[in-house]
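Working notes for the structure below.
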Amino acid sequence: MVENGFQSSFMQEAAARGFIFQCTDPAALDEAMVKGSVAAYIGFDPTADSLHVGSLIQIMMLRLLQKHGHRPVALVGGGTARIGDPSFREEARRLMTEDTIRTNLAGIEGCLRQFLTFSDDASGNVGSGAILVNNADWLDKLAYIDLLRDIGVHFSINRMLSFDSVKNRLDREQGLTFLEFNYSILQSYDFRELNRRHGVTLQLGGSDQWGNIVSGVDLVRRTDQASVMGLTTPLLTTSSGAKMGKTANGAVWLSENRLPVFDYWQFWRNTEDADVGRFLRLFTDLPLEECARLEALQGAEINEAKKILATEATALCHGRDAAQAAAEAARQTFEEGKVAAADLPVHSVPQAMLAEGVPVFRLFVEAGLVKTNGEARRLVRGGGARVNNAVVQDENTVISEKDMADGAIRLSSGKKHHVLVKVG
RNA sequence: GGAGGGAUGCCCGAGUGGCUAAAGGGGGCGGACUGUAAAUCCGCUGGCGUACGCCUACGUUGGUUCGAAUCCAACUCCCUCCA
């Protein structure tokens with residue numbers, strides 16, 4: 001398929017698609033994958049009830065693993081969430097309550113189920129069914145003295161201090177608490193536990209996890225004389241250097257509850273030209289030849305590639321039907337200039353609100369297009385607010401049932417953000 | 001334990017008694033241009049109120065003053081050097 005020196009189908013495709021940044025032992029991993037099924041894990045922190053695009057490259061890697069007959073193991077850090085990963089953070093993360101963590105775990109599982117096929121067989125048998133595990137199952141039971149004697153002896157403070165993730169925090173004015181310092185020890189412990197329980201021999205992660213991953217590899221080798229490996233993905237930024245997945249309202253969420261499918265599709269549709277090929281390879285299942293063909297489109301033609309990227313990426317996350325509906329809504333809205341295309345995000349308001357009439361700036365807040373009244377006023381003053389395609393001149397204009405067109409009122413913030421307000 | 005330095009809005013960073021909701025930059029949002037791109041240019045960017053306005057904000061708590069982000073005291077946290 002592609003000449004990159006690897007024998008295993010997974011390594012060939014992962015390398016060709018741009019998933020690989022660093023690997024503790026590429027040759028050994030390649031060999032293991034030729035011999036049989038490998039179980040690999042990635043940890044997700046339950047800091048929110050949905051994953052976002054920042055984690056998508058990891059999820060896609062798990063998906064790729066499954067495609068090639070290996071077993072993806074998703075670890076949610078119910079235990080480590082109570083500590084917080086200090087890696088490359090400016091400040092200590094605030095600690096979360098048990099309740100929050102529990103809700104978040106469920107939400108994250110929902111996101112993962114869109115991308116992976118889970119197996120109910122969580123035994124040590126290596127297959128390709130994904131499994132989901134929670135490290136609270138073992139971390140919560142740890143006894144301090146036992147832990148220190150068991151694995152504490154294998155960690156060198158000198159070494160830990162040399163890791164970029166720690167060094168960074170130490171070099172900056174922000175300190176590092178002992179609590180946070182232990183994160184990487186527990187992550188190593190996770191790796192060993194997964195190796196023992198589920199035969200996991202590979203840990204995946206973003207390049208910022210390199211230090212933590214290597215620590216785990218060392219621990220398993222020292223205590224269990226087992227050989228396990230680590231593989232990291234590149235840190236993703238857009239071609240113009242911005243962090244991947246940040247928008248106006250924060251993160252680009254994978255959960256529909258947090259981000260309408262239409263907006264998810266729009267996120268991908270607005271990819272920078274220079275990123276199209278890279279994103280097609282990482283975030284869709286399209287064959288490499290097709291990615292290359294689309295990437296080569298020049299000028300305005302590359303918009304076709306972006307539409308395909310958007311639909312394919314959205315299909316993976318929200319299903320083919322929803323993706324096509326989003327594509328169609330975008331086509332009607334942007335290419336036909338239709339006001340109330342079906343499948344635009346909908347916001348329902350009480351009948352009474354429209355019966356009485358409501359100032360337009362309030363309606364924008366209510367619909368979630370802006371966060372505050374002041375922001376809504378500024379939007380109007382800047383000429384960026386529209387109702388049913390007409391620019392709003394006065395922020396105090398009253399909107400009522402009279403403004404309904406085809407059973408809805410379309411509010412727009414700028415050219416790209418639209419919400420249909422309906423009664424309900 | 002000792003000596004010195006620091007804590008400013010989403011982030012970085014100026015500001016050392018009133019002209020400061022606080023320079024400048026980044027980020028974000030909107031507009032123009034374009035291809036729903038990038039680059040560039042323009043505007044906006046604490047909350048509430050239609051508005052003269054009110055409230056909240058420069059680590060925390062008190063104090064001095066007609067008036068404090070700016071002066072004083074105590075406290076908290078961070079950094080650097082010494083032990």
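Note: hydrogens, waters and symmetry copies are ignored here, and every other heavy atom, side chains too, is used. Note that the coordinates shown come from a computational prediction; the quantities given were computed from them, not determined experimentally. So that the names make sense, note that chain A is the first sequence line, chain B the second, and so on, each numbered from 1.
Nucleotide B:G53: paired with B:C48 (Watson-Crick or G-U wobble, both distances less than 3.5 Å). For B:U76, the paired nucleotide is B:A7, the pair qualifying as Watson-Crick or G-U wobble because both relevant distances are below 3.5 Å. Pair check for B:C81 finds B:G2; Watson-Crick or G-U wobble, both atom distances under 3.5 Å. In this entry B:C41 has B:G31 as its Watson-Crick or G-U wobble partner, both defining distances falling under 3.5 Å. Base pairing analysis places B:U20 opposite nothing; no Watson-Crick or G-U wobble pair with both distances below 3.5 Å involves it.
Looking at heavy-atom distances under 4.0 Å, A:Glu335 makes no contact with the nucleic acid at all. Using a 4.0 Å heavy-atom distance criterion, A:Thr333 is classed as making no nucleic acid contact. Nucleic acid contact class of A:Asn396 (heavy atoms, under 4.0 Å, all strands): sugar-phosphate only. Across all strands, A:Ala330 comes closer than 4.0 Å to base atoms (heavy-atom distances).
Using a 4.0 Å cut-off between charged nitrogen and carboxylate oxygen, A:Glu290 and A:Arg293 count as a salt-bridge pair. Ion pair A:Lys67/A:Glu13 flagged as a salt bridge, since at least one NZ, NE, NH1 or NH2 atom sits closer than 4.0 Å to an Asp/Glu carboxylate oxygen. Between A:Lys306 and A:Glu272, no side-chain nitrogen of the basic residue sits less than 4.0 Å from a carboxylate oxygen of the acidic one, so the salt-bridge criterion is not met.
For the residue pair A:Val370 and A:Ala376, the shortest heavy atom distance occurs at CG2-CB, 3.6 Å.
The same atom, C1', is picked in B:C19 and in B:A69; the two are 16 Å apart, to the nearest Å. Comparing the P positions of B:C42 and B:C33 gives an interatomic distance of 16 Å, to the nearest angstrom. Look at the C1' atom in both B:U60 and B:U50: the space between them is 39 Å, to the nearest Å. Comparing the C1' positions of B:C58 and B:G17 gives a spacing of 15 Å, expressed to the nearest Å. Comparing the P positions of B:G63 and B:U70 gives an interatomic distance of 15 Å, to the nearest angstrom. Look at the P atom in both B:C77 and B:C10: the space between them is 24 Å, to the nearest Å. Between the P atoms of B:G6 and B:A23, the separation comes to 22 Å (whole Å). With P as the reference atom, B:G5 and B:C71 are 13 Å apart, rounded to whole Å.
Atom C1' of nucleotide B:A38 and atom CG of A:Asp275 are separated by 10 Å, given to the nearest angstrom.
Within 3.5 Å, no donor on the side chain of A:Asn373 pairs with an acceptor on the base of B:G47, nor the reverse.
Side-chain atoms of A:Leu379 lie closest to B:C29 of the nucleotides B:C29, B:C48, B:U36. Of the candidate nucleotides B:U50, B:C48, B:A38, B:U50 has the atom lying nearest to any side-chain atom of A:Phe361. Among B:U50, B:C48, B:G30, the nucleotide with an atom closest to any side-chain atom of A:His417 is B:G30. The side chain of A:Arg381 sits closest to B:A51 out of B:U36, B:A51, B:G35. Here the side chain of A:Arg378 is nearest to one of B:C44, B:A37, B:G30, namely B:C44. When the nucleotides B:A38, B:G30, B:G35 are ranked by their closest atom to the side chain of A:Glu272, B:A38 comes out on top. For A:Arg377, taking side-chain heavy atoms from C-beta onward, the closest of the listed nucleotides B:U50, B:U36, B:G30 is B:U50.
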- Does the side-chain contact (heavy atoms from CB on, under 4.5 Å) test come out yes or no for A:Asp190 and A:Trp138, once each step is laid out? CA-CA 8 Å; A:Asp190 282 345; A:Trp138 54 85; 2.8 Å; yes
- Item | ring pair (Phe, Tyr, Trp, His ring centres under 6.0 Å) between A:Phe21 and A:Trp210, intermediate numbers included | CA-CA 10 Å; A:Phe21 182 67; A:Trp210 183 248; 8.2 Å; no
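Both A:Thr271 and A:Lys415 lie close to RNA chain B; mapped to their nearest nucleotides by heavy-atom distance, the more 5′-ward contact belongs to A:Lys415. Of the two residues contacting RNA chain B, namely A:Glu395 and A:Ala327, the nearest-nucleotide position lying further toward the 5' end is that of A:Ala327.
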